[in-house]
Number of protein chains: 4
Amino acid sequence: MAQPQTIVNGMDDTPRGKLLSAAARLFRDQGFDRTTVRDIAREVGIQSGSLFHHFPSKEDILFAVMVEVIRFNTERLRMALAGKTDPVERLCGLIDAELRTIVGDTREAMSVLVYEWRCLTAEHQQQVLALRDVYEQLWMDVLEELRSSGQLQADAFITRRLITGMTSWSSNWFDAHGSLTIEQLTEIIRDRIIGESR
Amino acid sequence: MAQPQTIVNGMDDTPRGKLLSAAARLFRDQGFDRTTVRDIAREVGIQSGSLFHHFPSKEDILFAVMVEVIRFNTERLRMALAGKTDPVERLCGLIDAELRTIVGDTREAMSVLVYEWRCLTAEHQQQVLALRDVYEQLWMDVLEELRSSGQLQADAFITRRLITGMTSWSSNWFDAHGSLTIEQLTEIIRDRIIGESR
Amino acid sequence: MAQPQTIVNGMDDTPRGKLLSAAARLFRDQGFDRTTVRDIAREVGIQSGSLFHHFPSKEDILFAVMVEVIRFNTERLRMALAGKTDPVERLCGLIDAELRTIVGDTREAMSVLVYEWRCLTAEHQQQVLALRDVYEQLWMDVLEELRSSGQLQADAFITRRLITGMTSWSSNWFDAHGSLTIEQLTEIIRDRIIGESR
Amino acid sequence: MAQPQTIVNGMDDTPRGKLLSAAARLFRDQGFDRTTVRDIAREVGIQSGSLFHHFPSKEDILFAVMVEVIRFNTERLRMALAGKTDPVERLCGLIDAELRTIVGDTREAMSVLVYEWRCLTAEHQQQVLALRDVYEQLWMDVLEELRSSGQLQADAFITRRLITGMTSWSSNWFDAHGSLTIEQLTEIIRDRIIGESR
DNA sequence: AATGAATGAGCGTTCATTCAT
DNA sequence: GATGAATGAACGCTCATTCAT
């Protein structure tokens, strides 16, 4: 089975890709507003003016980071579902994938997605939301499967939102080098959703 | 039983209080960095220079917002526990109180607490963390009670973090004027923690 | 013979006098521009707004300091000449008095007179210059006496300017607690003017 | 023999050099604190923000002015001594050079050095003092030569300070277009130091 | 006389963006 | 594509001065 690349598509070894990676990390560490284009340029090894040959504005860099990370993570979600038919197994695939998204290789970019949302222009927010809908639909499909199979009684929308809270907040405390593994956390969250005995 | 005031202590009708309320809302809507001292001053109806008779710097306004909201919500947590002895009832009191904190009267300030954390100086971060510890200890005490009474098997720390995720994320979707009430959401979250049948 | 008071007339124990003393010291230590009215007020133990019951503006405080110090030091010059008839003795009296002005009790205010000159309004500069003319005339009279008696060959104006340079610069190096006394320095300067053998 | 350039090294025709020249004049005319970066920028014909491509802060401009003028004038002192062996001739060379420093081409910058000293940061003060030590050592060497040859009896340090006073004060009265020439003033000051008959 | 909150113009500095080279 | 000097608007903050109390 295909593995997600360890680098976000579009955050590859090209100048543009290195720029986005650096920007994602800086935005995450310092916030969008506190990150100057000079910071980004220095990280990539060019002059600040040269950034604008790659992106028309600083906000477009933020937008590109968000687009790349959503696309990449949507693909990761798809791969996590591929070949699985059991709804619970599919749910675990999604939780595991989303946790990796949040605490793993794309954690900087994901954090940016949450924390720097309002720094996007309204138009770009719309475009990101459209991409996010695709991502969320994959979740909703699986949650509806679970309801159809009787393994989930609660409302699917509310359930998704509680899951989102649990996974997204993990960026604030989960330690990739601690004793709790992503697999274990996946099971713990699964049990909060469909119950332990079921 | 005493009810929490509907206005955060220190965000009252005094000039300082109105200033903090306005700042909290602006910080929440636009972010700390994108909010200018002139924005805040305009909202309060004074000149920007006059802000500095009340606070030595813009960052101190942010700090004051955070301190006030934590103090107020810690007190709200205490009142939610007052008079309750059953651990599950106490848990529901905490969830309900925290939800009101996040989607109710102090939602702007709470949002600021999460999203503008890094805008605080290191020293102020320490001071806020000390206040936060008091708040969190109230939670940990109740979760340990639940474990003692056998109503919670999962690790208390992890449990608290999952609850934090669920409650804090509600700021992004809960509609105070929607059909779902805080009481209902409290029950839903409670069931994710101690199970529905128990 | 009357002794000059150890406090400048007008910088006495009254509120106005204490204010001027404090201002003179602050202006000397920090410069006029870097001294805030709050600095002055704090030193005197009042609120900054209250300063303006004593002086119409900050610049007027500077002006008052300068006027007081010139008046006081002109009087000191007069007293140094009183009762002396020998031109050389009179010269030494002036040198000694001017040195005391510059390195002694009025050193702060004298320093202000030199360094903060351009902070005065043009009109106030004229008024101070008029007072300074009185002071300088006392010097010129004695220097002309020395020329009449053949003890000074050099031009009186140029001589006065060289003396002014030597005495005024002493504020930058003379140590009141060092081994060189004002009396000794007076003799050294006298010898630069009228020659040692004469 | 090499002549000192009529423009301070580093205050040449480059943007940086023109900026320093303009700043030196403005600082001298208005004082450092009363000179705004907008004043300097206007003088040079750029926007105020553009200043900060050349210097990290306004204070660094002041520092640069001082460093350039001391370096230049130290070199001028060296050239004044070059080829001269007679101590009196060397003394006259120094006096003449210092007078040209103070009333001639570098008078603005020299004035700034004296009057705006306290506007420097403590660290920059140290660095300027180190440069000043080199300058002063050239003076002290010649004064010691005069003592060795018996042409100066007075203490060398005190003598230097009296000379400093006389030369530096000349900025307040010497008129380059008046009837008194620098050469004449040099002789007058020389006579105050080593006596006319000697 | 004194207070102290408020003013408002102005400060030094930042920084995304432009553009001639 | 890259440079780096320049722009210019905006920022947080200062402070002499005012004035109702």
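Numbered from 1 within each chain, the chains take letters A, B, ... in sequence-line order.
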I'd like to check the side-chain contact (heavy atoms from CB on, under 4.5 Å) partners of A:Ser168; sequence neighbours left out, ordered by chain and number.
A:Ile102, B:Trp169
Spacing between C:Lys18 atom NZ and E:dA2 atom C1', to the nearest angstrom:
15 Å
Name all residues meeting the side chain to side chain donor-acceptor pair (under 3.5 Å) criterion together with B:Arg34; count only those two or more places apart in sequence or in a different chain, and write none if there are none.
A:Asp33
What pairs with B:Glu116 under side chain to side chain donor-acceptor pair (under 3.5 Å), at least two apart in sequence or on another chain?
A:Arg118
Once you round to the nearest 0.5 Å, how far does CG of D:Leu62 lie from NE2 of D:His124?
9.5 Å
Could you walk me through whether B:Glu43 and B:Lys18 satisfy the salt bridge (Lys or Arg N to Asp or Glu O under 4.0 Å) test, starting with their C-alpha distance in whole Å, then the side-chain angles of each, then the deciding distance to 0.1 Å, before giving a yes or no?
CA-CA 9 Å; B:Glu43 207 75 1; B:Lys18 286 191 290 188; over 6 Å; no
Separation of atom CG in C:Leu19 from atom P in F:dA16, rounded to whole Å
13 Å
Could you give the distance separating F:dT21 and E:dA1 at their P atoms, to the nearest angstrom?
22 Å
Mapping D:His54 and A:Leu51 to their closest nucleotides on DNA chain F, which lands nearer the 5' end?
A:Leu51
Without decimals, in angstroms, what is the distance between C:Leu62 CG and F:dA16 C1'?
14 Å
Figure out the CD1/P separation between D:Ile40 and E:dG10, and round it to whole Å.
18 Å
Residues passing the side-chain contact (heavy atoms from CB on, under 4.5 Å) test with B:Gln126, sequence neighbours excluded, are B:Leu129
Base-pair string, DNA chain F, Watson-Crick plus G-U, cut-off 3.5 Å on both distances, | for inter-strand, is .||||||||||||||||||||
Contact residues, residues 114-123 of chain B to DNA chain E [heavy atom, < 4.0 Å]
none
Round to the nearest Å and state the distance from C:Gln30 atom CD to F:dC15 atom P.
10 Å
Do the side-chain N or O atoms of A:Gln47 get closer than 4.0 angstrom to the phosphate oxygens (OP1, OP2) of F:dG4?
yes
With sequence neighbours excluded, tell me which residues meet side chain to side chain donor-acceptor pair (under 3.5 Å) with A:Ser57.
A:Asp60
According to side chain to side chain donor-acceptor pair (under 3.5 Å), who are the partners of D:Gln125, at least two apart in sequence or on a separate chain?
none
Using the test side-chain contact (heavy atoms from CB on, under 4.5 Å), find all partners of D:Arg107 that sit at least two apart in sequence or belong to another chain.
none
Sugar-phosphate atoms are those with a prime plus P, OP1 and OP2; base atoms are the rest. Using that split, label each nucleotide of nucleotides 14-21 of chain E B, S or - for protein heavy atoms under 4.0 Å, 5' to 3'.
BBBBB---
Between P of E:dG12 and CG of D:Asp60, the distance in whole Å:
14 Å
Nearest-Å distance for atom pair CZ/C1', residues C:Arg42 and E:dT3
16 Å
For A:Arg16, enumerate each residue passing the side-chain contact (heavy atoms from CB on, under 4.5 Å) test, keeping only those at least two apart in sequence or located in another chain.
A:Thr14, A:Leu20, A:Phe55, A:Ala64, A:Glu68
May I have the distance from D:Leu26 (atom CG) to E:dC11 (atom P), rounded to whole angstrom?
13 Å
Validation: residues 45-52 of chain D side-chain donor-acceptor distances under 3.5 Å, sequence neighbours left out:
none

